**Q** 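Here it is, the structure in full.
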Protein chains: 2
Amino acid sequence: METDTATTSTTWTIGELADEFGVTHRTIRFYEDQGLVTPERRGTARVFHVRDRVRLALVLRGKRLGFDLGQIRRIVDMYDEEPGEEGQLRYFLEQIAARRAELEQRRQDIETTLAELAEVERRARETLTNLA
Amino acid sequence: METDTATTSTTWTIGELADEFGVTHRTIRFYEDQGLVTPERRGTARVFHVRDRVRLALVLRGKRLGFDLGQIRRIVDMYDEEPGEEGQLRYFLEQIAARRAELEQRRQDIETTLAELAEVERRARETLTNLA
DNA sequence: TCTTACCTTTACGTTAACGTCAAGGAGAAG
DNA sequence: CTTCTCCTTGACGTTAACGTAAAGGTAAGA
């Protein structure tokens, strides 16, 4: 019996990640085609490392937010951008500002909607009380 | 010259709404097919009233949030739900709670992402300063 | 009356993001 | 060696949300 010293494995198969994140193999392979994850290959099999796991989580969070994969890639790629020289860095900061602007627009829309739903709910509760 | 007493018209053509909201006629007609707007018909022409204008704005806000039209309809329809009897109202409140839960999940995701981007930005600025 | 602008329906085309077979390899267990 | 289980690569299918002609109606202005 091989000792399982690694506490929890530091690599994953496609099936393990699929189970953990509740997606199909197909989805993960699709994300690989799109360059969102880049698993190592041992022979023909895929071996996913921590970086891939993190990126997959980021992608799925982006999906929950309703971003398309293009937008998602732009955000995810920011997480492991290399320093680079000044021009690059300034451009990079511009990109970050743009993403932030989008996210803040969304947050604003969400807060407006939540406020309106609260009002709709208030009226419904009122009507309900008046039935008693 | 017909007096334009109506300050700004209280009805709109499809083109006016399309221009105002930056979408195409096709999009609005599609939303009509989906029952998201229900313009009056005068002969064959569509006449949009305030209700349609409001609903269109809600739909587009839903799109900015990345909801699909199914989710959007569920939210939008809440805005002009009729009181109804107790069972209906309780079900209605459940639905509101569900939509709110989705929106709050999104808000959480957005705040996490904004925080992470702020950190990424901080590091980029740091690197930039160290070049001077 | 003839443009011109705006509207109409019908209907096939397109893109994103996977779903869904089909056919087969690789290794561990019995 | 055979049977499982999990993996692999194609490759065509599907759904949502419109895009994009095609072909024509209508009302106002020159």
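None of these values were measured; they are calculated from a predicted model. All heavy atoms count here, side chains included; hydrogens, waters and symmetry mates do not. Numbered from 1 within each chain, the chains take letters A, B, ... in sequence-line order.
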**Q** To the nearest Å, give me how far apart CZ (B/Arg42) and C1' (C/dT8) are.
**A** 17 Å

**Q** Which atom pair, heavy atoms only, marks the closest approach of A/Thr127 to B/Pro83?
**A** CG2-CB, 4.0 Å

**Q** So A/Arg41, base contact, sugar-phosphate only, or nothing? Heavy-atom distance under 4.0 Å.
**A** sugar-phosphate

**Q** Specify the separation, in whole Å, of atom CZ of A/Arg26 and atom P of D/dC7.
**A** 16 Å

**Q** Check the distance between D/dA16's P and B/Tyr31's OH and give it to me in whole angstrom.
**A** 14 Å

**Q** Starting from P on C/dC6, measure out to CG on B/Asp19 and report it in whole angstrom.
**A** 9 Å

**Q** Only one of A/Asp52, A/Leu58, A/Val59 passes side chain to side chain contact (heavy atoms under 4.5 Å, CB included) with A/Leu36; say which it is.
**A** A/Val59

**Q** When you group the ILVMFWY residues by side-chain heavy-atom contacts below 4.5 Å and let the links chain together, are A/Trp12 and A/Val47 in the same group?
**A** no

**Q** Tell me: CG of A/Leu36 to P of C/dA17, nearest whole Å?
**A** 9 Å

**Q** Strictly below 4.0 Å: does A/Thr27 bring a side-chain N or O up to OP1 or OP2 of C/dA17?
**A** no

**Q** Would you kindly say whether A/Arg51 and A/Thr38 are connected by a side-chain donor-acceptor distance under 3.5 Å?
**A** yes

**Q** Quick one: is C/dC7 close enough that its OP1 or OP2 comes under 4.0 Å of any side-chain N or O from B/His25?
**A** yes

**Q** Hey, can you pull the residues of residues 43-67 of chain B with a non-hydrogen atom under 4.0 angstrom from DNA chain C?
**A** B/Thr44, B/Ala45, B/Arg46

**Q** Among C/dA17, C/dG19, D/dC18, which nucleotide sits nearest the side chain of A/Asp68?
**A** C/dA17

**Q** From CZ of B/Phe30 over to C1' of C/dG13, roughly how many Å is that when rounded to an integer?
**A** 15 Å

**Q** State which of D/dC7, D/dG10, C/dC7 makes the closest approach to the side chain of B/Ile14.
**A** C/dC7

**Q** What is the minimum heavy-atom distance between A/Ile75 and A/Arg99, and which atoms define it?
**A** CG1-CD, 3.9 Å

**Q** Write down the atom of A/Phe48, the atom of A/Thr13, and the distance for their closest heavy-atom approach.
**A** CD1-C, 3.9 Å

**Q** With a sphere of 6.0 Å drawn around CD of B/Glu85, does it hold more than 12 non-hydrogen atoms of other residues, nucleotides or ligands?
**A** yes

**Q** How many Å lie between CG on A/Asp33 and P on C/dA16, as a whole number?
**A** 14 Å

**Q** Rounded to whole angstroms, how far apart are CZ on B/Arg29 and C1' on C/dT8?
**A** 8 Å

